[in-house]
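To keep things clear, I will list the structure first and then write my remarks on it.
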Amino acid sequence: MNSNKDNFSEVLIVGGGVIGLSIARELHRRGARRITVLERGKVGRESSYAAAGMLAPNAETEKADDFTKFCAESLDLYNKFAEELFGETDVNIELDRSGTVYAAFTDHDSAEIRRRYDWQKRAGLAVEFLSAEETRRAEPFVSPDVRESLFFPFDWQVENRKLLHALEKFAELNRIKIVENAEVKSLLTENGKIGGVRTVDADFSADAVVLATGAWTSLIENGGDIALPEIKPVRGQIIGFQTAKRLFERVIYSPRGYLVPRRDGRILIGATVEDAGFDKNITAAGTEFLRAVAMEISPSLASLEIAETWAGLRPLAADGLPVLGAVAAAKNLFIATAHYRNGILLAPLTAKILAERIAENKDSEYLRIFSPNRFKTAAAT
Ligand code: FAD
Ligand code: GLY
């Protein structure tokens, strides 16, 4: 095994998606200098690249709980995150604060959105009710069949591929070492601590290791008595249309899917939610389902050809919540994964609390709530 002092890092981050790259940036901003990101493929090309880029703490929530609060606090960081990244890298991540419409097209949908309006209003979430006429005034290309809708002024979007580009550029400019095509196979343990990790080609040693390995986390061989929480891949397919100019101002949901308009005239329609293992293929059934979602929201799209399709794997833990913080059995091993449908939204706050914990030994209530040690399979003390 090739292991030398060049392979030593203060912090070794395994996985170069939005979570791993955001943590690397925050650690650098807090003074860490020997940071390495090991990535099995190319950085920023998995779930984070496949995402639709919605920052939706309200439209996707089903109850007001710690997770909703975590989502809202991460959204609060986004203005500064986007501004600072622009200053640091010259990359505009296209933070769009036009808000999100959640539209009803059937009796059942109307009952559903009225139920949501009632509890979300009572819980103090930012939500407004729009009649059919108000919805069409705001979004003239929405179907004339729309019954009514909810408007979420604080559910935004970002161009997630530009965000990944900005984070990768930050790493390059600040000498954060990125090693691509380096799949970590196992953790190296020494006297109840992690000494580093092993790839096919080399060993890498570090004072601290962060697993930001998304849907693939459970494939890493653990070091003896360190049991990693089980993370499952959940496939999401998206189809995209291209129009010459932007037809929609806002993200538009129905209870069956969503439409995300990009500045360059692209319109993304998502997404399937499928248990298909690690298979990232597009399926005819998925495409057909998404086309139906698109036509229901806006029949004006009927004449357009599908311009692009793709799929990605969301990382899901057994209880559906993120997994964040130190592993009890090895205190210098940290996990930051299982952001499931909200990893783009949750990247700034995840990075902040992980970097504060690793670089400054600062605690956070979220590291307790989302601790990896809450699962029976994790080596809890
Ligand atoms: P990833 O981006 O998958 O990164 C993990 C990285 O780790 C990968 O690059 C992988 O190659 C690498 N890796 C894994 N194992 C190893 C190993 N052993 N060694 C080295 N490297 C390894 N979220 C939102 O907030 N808003 C949205 O609108 C949204 N839409 C979505 C739409 C779809 C279709 C999908 C699929 C997801 C969507 N998500 C959305 C969810 C979001 O994409 C994820 O929660 C987020 O990208 C997770 O980030 P990550 O860095 O953990 O994972
Ligand atoms: N948050 C959108 C999705 O996961 O499809």
Side-chain angles (χ1 to χ4, degrees), residues 16-18 21 39 41-56 59-60 91-96 98 100-101 139 141-143 156-168 214-215 233-254 256-274 276-315 339-345 347:
V18 73
L21 293 174
E39 165 54 49
K42 268 189 66 53
V43 290
R45 284 295 182 280
E46 290 292 352
S47 191
S48 307
Y49 193 78
M54 295 174 294
L55 310 176
E60 289 197 0
V91 178
N92 180 351
I93 65 168
E94 297 181 10
L95 177 64
D96 181 329
S98 316
T100 290
V101 170
E139 294 290 347
F141 288 95
V142 163
S143 170
W156 302 339
Q157 67 147 309
V158 73
E159 174 39 285
N160 44 296
R161 294 181 182 179
K162 293 199 173 160
L163 170 59
L164 291 162
H165 176 52
L167 291 168
E168 188 178 355
V234 178
R235 183 169 68 190
Q237 301 184 44
I238 288 194
I239 62 172
F241 298 104
Q242 178 74 57
T243 52
K245 69 177 180 62
R246 188 165 169 170
L247 299 185
F248 303 90
E249 272 306 300
R250 300 161 188 82
V251 171
I252 302 171
Y253 274 85
S254 81
R256 287 156 288 285
Y258 52 77
L259 176 157
V260 180
R262 294 287 203 232
R263 274 187 199 173
D264 60 4
R266 286 190 310 143
I267 298 171
L268 315 186
I269 308 292
T272 61
V273 179
E274 303 164 85
F278 290 95
D279 180 354
K280 284 193 296 176
N281 283 312
I282 303 299
T283 63
T287 304
E288 204 179 305
F289 165 75
L290 294 170
R291 205 179 232 298
V293 167
M295 294 315 126
E296 182 182 50
I297 294 176
S298 177
S300 314
L301 301 175
S303 60
L304 296 179
E305 294 286 324
I306 294 174
E308 48 185 342
T309 55
W310 66 83
L313 302 177
R314 308 174 182 94
H339 295 81
Y340 189 40
R341 304 196 73 166
N342 293 285
I344 306 298
L345 166 64

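In this structure, Phe289 and Thr283 have side chains that are not in contact, with every pair of non-hydrogen atoms separated by 4.5 Å or more. You'll find the side chain of Leu95 reaches within 4.5 Å of the side chain of Leu55, heavy atoms only.
With hydrogens and angles disregarded, no donor-acceptor distance shorter than 3.5 Å links the side chain of Gln242 to the backbone of Ala307. A donor-acceptor contact shorter than 3.5 Å links the side chain of Ser47 to the backbone of Leu313.
The side-chain contact (heavy atoms from CB on, under 4.5 Å) check on Ala50 picks up Trp310, with sequence neighbours excluded. Judged as a side chain to side chain donor-acceptor pair (under 3.5 Å), and not counting sequence neighbours, Ser143 has no contacts. For Arg45, the salt bridge (charged side-chain N to carboxylate O under 4.0 Å, His left out) criterion is met by no residue, not counting sequence neighbours. In terms of the salt bridge (charged side-chain N to carboxylate O under 4.0 Å, His left out) criterion, residue partners of Glu94 (sequence neighbours excluded) are, by chain and number, Lys162. Annotation: side chain to side chain donor-acceptor pair (under 3.5 Å) contacts of Thr309 (sequence neighbours excluded): none. With sequence neighbours excluded, the residues that form a side-chain contact (heavy atoms from CB on, under 4.5 Å) with Glu60 are Met54, Ala56, Tyr253, Arg341, Asn342. Here Arg314 pairs with nothing under the side chain to side chain donor-acceptor pair (under 3.5 Å) rule; sequence neighbours left out. Partners of Glu46 under the side chain to side chain donor-acceptor pair (under 3.5 Å) rule, at least two apart in sequence or in another chain, are Lys280. In this view, Ser48 and Val18, Leu164, Ile344 satisfy the side-chain contact (heavy atoms from CB on, under 4.5 Å) rule, not counting sequence neighbours. Considering only residues two or more places apart in sequence or on other chains, Glu139 meets the salt bridge (charged side-chain N to carboxylate O under 4.0 Å, His left out) condition with Arg250.
Annotation for Ser298 and Phe141: closest pair OG-O, 2.7 Å, computed over non-hydrogen atoms. Minimum heavy-atom separation, Ser300 to Ser303: O-OG, 4.2 Å. The two residues Val260 and Ala52 come nearest to each other via the heavy atoms CG1-O, 3.7 Å. Of all non-hydrogen atoms in Ala271 and Ile238, the two that sit nearest each other are CB-CG1, 4.2 Å.
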(Q) Please determine whether side-chain contact (heavy atoms from CB on, under 4.5 Å) holds for the pair Ile297 and Ile269, giving the CA-CA distance in whole Å, both sets of side-chain angles, and the decisive distance to 0.1 Å. (A) CA-CA 10 Å; Ile297 294 176; Ile269 308 292; 5.9 Å; no
*asked:* For a side-chain contact (heavy atoms from CB on, under 4.5 Å) check, start with the C-alpha distance between Tyr340 and Val273, then their side-chain angles and the critical distance, and finish with the verdict.
replied: CA-CA 11 Å; Tyr340 189 40; Val273 179; 3.5 Å; yes
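Contacts classified as side chain to side chain donor-acceptor pair (under 3.5 Å) and involving residues 257-269 (residues at least two apart or in different chains) are given here: Gln157-Arg262, Glu159-Arg262, Glu159-Arg266, Asn160-Arg262, Asp264-Arg266, Arg266-Glu308. Pairs of residues two or more places apart, or lying in two chains, that qualify as salt bridge (Lys or Arg N to Asp or Glu O under 4.0 Å) and include a residue from residues 287-300 are Arg256-Glu296.
In this structure, CD1 in Ile267 is found 4.5 Å from CG in Leu247, a value given to the nearest 0.5 Å. For the atom pair Ile93 CD1 and Leu167 CG, the distance stands at 8.0 Å (nearest 0.5 Å). Atom CZ in Phe248 sits 5.0 Å away from atom CG in Leu301 (nearest 0.5 Å). Distance check, rounded to the nearest 0.5 Å: CD1 of Ile282 to OG1 of Thr272 gives 8.0 Å.
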